[in-house]
Amino acid sequence: MADGAPSRIASRFASLRAEGRGALITFVEAFDPDRATSEALLAGMPGAGADLVEIGVPFTDPMADGPTVQRAGQRGLKAGATLAGTLEMVRGFRAKDNATPVVLMGYYNPIYSYGPERFAKDAAEAGVDGLIVVDLPPEEADELTVHTAPQRLELIRLVAPTTDEKRLPVVLSGSGGFVYYVSITGITGTRSATEEHLAEAIPRIRRATDLPIAIGFGVRTPEQAAAAARIADAAVVASALLDTLAGDLDEAGRARPGTVEKVLEQVRALASGVRGARRQAA
Amino acid sequence: MNKPLSPALPNSLRTGPDERGHFGSFGGRYVAETLMPLILEVEKAYEAAKADPSFQAELDRYLSDYVGRPSPLWFAERLTKALGGAQVWFKRDELNHTGAHKINNCMGQILLARRMGKGRIIAETGAGQHGVATATVCALFGLPCTIYMGATDVARQSPNVFRMKLLGAEVKPVTSGAATLKDAMNEALRDWVANVTDTYYLIGTVAGPHPYPAMVRDFQSVIGIEAKQQMLRAAGRLPDVAVAAIGGGSNAMGLFYPFLDDSEVRLIGVEAAGHGLDSGQHAASLTKGRPGVLHGNRTYLLQDEFGQILEAHSISAGLDYPGVGPEHSWLHELGRVEYVAVTDTEALEAFQLCTRTEGIIPALEPSHALAHVAKMAPEMDKDAIILMNLCGRGDKDIFTVAEALGVKL
């Protein structure tokens, strides 16, 4: 990609805006429950209607995640997930899909251990577009952004209901890609925000940034995804898909022949919800 | 011999952390955005409390009349004779109410939580000592309290679980991860994220995001401040060496901090070598780990080559943590504090030695410090002084010790 060309994330949001709809962002945990299954899910998600995909990088101590994502990470680690292995997944995906934005979501220690400079270079080469590093707030992010910025890797920041007016500009400065609104005070997959809350929170963020806004944490159903994509610019669905995956595993925790299809079927339902919702005029 | 200090050392080692909570390259605030406003609020409240003489006066009153401070300084004469070298002196924090140093910090933080108007307290605990101390101060002030404890620890520390329940706390067993202390801390952080308005997280050691490492150190520094005065009064001089056990490192930080700028005092932190440093089953993060980021700060961690956190092991549940406070990591890299490790077996021997020569049953945590003292004292002059923090009593450990010695109770 030449310097100055819009990033995959920006291009995707621009074309969706032209279509007049919001984006569906779906989540897959690397190597959950094994490498081939997670690769098949990743490969199948854009065709099933995901506009962007988020890949969870397993970590032993995911302090912002609820039981669903915790267990997905543990299954991934058991199957041998590493940061390097996750980048290989992205490389394989990019060989066939050069348009769908890929965002890695995880915690800082595996990146720190890999070496932030080497990681930024390898991630960009593999075709990663954005990073969500949950435990790296703006106050500590310089040590990573100094390496990711030259590689045009966008650091996607979390904004929470607890992020007040004074703090919002601090969080948004240096943000790239899109803004991830954590719609509840709580961990992933536990409860959902009300539409009233979102209708109040999103304009507040909108006034402070030109970046697209995605709503995550607690978006589970096609209806909730449609509402999120209508009120904001994108809906992130993670735990609901992981629950489907986990619920379909056999007694030994292995994927069944129909597991991938079952998750992709749910992606199709979410996508049809999102596509049916016209966006409010921005 | 005192280790010569590097000329590159700052004028004072007691000025840290910086305004962003860093001790050199360690410490910081590596937390999710949801938590960030909360820890900024705690920091602001703590700064205000520190500057308010009435806060310190209130804390002093509780420390004296409820906790029983100052704790005595004791010349362990029979132990000294048995070791045949340097004089061994104990700072007796095991005589505090609840039997360990943990209450010093709990008393400070509960008063802070009250100032902040928080109506609910949460805490993590490993062995249960911090959980008991937290449940105690919550009972004292009538505040509801939830203690997160790894399910593995709940099973092996049932007396402390019962104590916490008697004190009115809710004990929540944590089954995620390996179900031990680090998982309990993850779960407490998750609770805090979900209960931001009314809840105060009372962290038990000098770890976690800023301001906790500095705040817990400040509350524990009463140990070293008292010990320094008592030592001057009793022996007319400072000790040659100060020794303390290190898990997260709060009792050691409390003892060391007031001595950091006294370069003639050698400081030694003793980590748990478990089954041995090469066994893969130990808790010696400074000796065998490398820097990483966990639980809100950068510090030395036990981790695999991919940055995944490893489980720690020690016979002492209080030392069984794969990290260490960030200020210790900084002092380790500066060389101001020496960090060594002793095994489960060595700690058990020291436990018995102390019991028989001094009539004091120490906790397994300070038994680690004592095991190192027992190694170094015989090599030192008879007029040399070793000051050791006897940070907890061993009643809680008698089941573990009995099992290790093959005795059925």
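Closest approach of A:P137 to B:Y30, counting heavy atoms only: CD-CA, 4.1 Å. Shown here for A:D61 and B:H295, the closest heavy-atom pair between the two residues is OD2-NE2, 4.5 Å. The two residues B:G307 and A:S113 have their closest heavy-atom pair at N-OG, 3.3 Å. In terms of heavy atoms, B:K182 sits closest to A:T60 at NZ-O, 4.2 Å. B:P37 and A:T162 make their closest contact through CG-O, 3.2 Å (heavy atoms, listed as atom of the first residue, atom of the second, distance).
For A:L77, the part lying under 4.5 angstrom from a heavy atom of chain B is the side chain only. For A:E140, the parts sitting under 4.5 Å from any heavy atom of chain B are the backbone and the side chain alike. Looking at A:D164, there are no atoms closer than 4.5 Å to chain B (heavy atoms on both sides), in backbone or side chain. For A:F59, the parts sitting under 4.5 Å from any heavy atom of chain B are the backbone and the side chain alike. In this structure, chain B has heavy atoms under 4.5 Å from both the backbone and the side chain of A:E139. With a threshold of 4.5 angstrom between heavy atoms, B:E305 approaches chain A through N, CA, C or O but not through any side-chain atom. Contact of A:P138 with chain B is made through the side chain alone, with heavy-atom distances under 4.5 Å. Looking at A:V182, only its side chain comes within 4.5 Å of chain B, counting heavy atoms on both sides. Looking at B:V196, the atoms closer than 4.5 Å to chain A (heavy atoms on both sides) all sit in the side chain, from C-beta outward. Contacts between B:P209 and chain A at a heavy-atom distance below 4.5 Å are absent for every atom of the residue. Contact annotation for A:V133: neither backbone nor side-chain heavy atoms come within less than 4.5 Å of a heavy atom of chain B. Both the backbone and the side chain of A:L158 come within contact range of chain B, judged by heavy atoms closer than 4.5 Å. Neither the backbone nor the side chain of A:R157 comes within contact range of chain B; no heavy atom of the residue lies under 4.5 Å from a heavy atom of that chain. Neither the backbone nor the side chain of B:L310 comes within contact range of chain A; no heavy atoms are under 4.5 Å apart.
Ranked by heavy-atom pairs under 4.5 Å with chain A, the first of B:R29, B:R20, B:E33 is B:E33. Across A:L136, A:V159, A:V171, A:T163, the residue that shares the most heavy-atom pairs under 4.5 angstrom with chain B is A:T163.
A:R71 and B:S176 share no side-chain donor-acceptor pair at under 3.5 Å.
A distance of 4.0 Å separates OH of A:Y112 from CZ of B:R298, quoted to the nearest 0.5 Å. Distance check: B:N186 CG to A:M63 CE gives 8.0 Å after rounding to the nearest 0.5 Å. From A:F217, atom CZ reaches atom OG1 of B:T34 across 6.0 Å, with rounding to the nearest 0.5 Å.
Enclosure of atom CD in A:E200 is not indicated, since only 12 or fewer non-hydrogen atoms of other residues, nucleotides or ligands lie within 6.0 angstrom. No more than 12 heavy-atom neighbours from other residues, nucleotides or ligands sit within 6.0 angstrom of CD on A:E117. Atom CG of B:D198 is surrounded by more than 12 heavy atoms from other residues, nucleotides or ligands within 6.0 Å.
Within the 3.5 Å criterion, the main-chain N or O of B:V293 finds a donor-acceptor partner in the side chain of A:N109.
When side chains are defined from C-beta on, A:P62 counts as touching B:R190, because their heavy atoms get closer than 4.5 Å.
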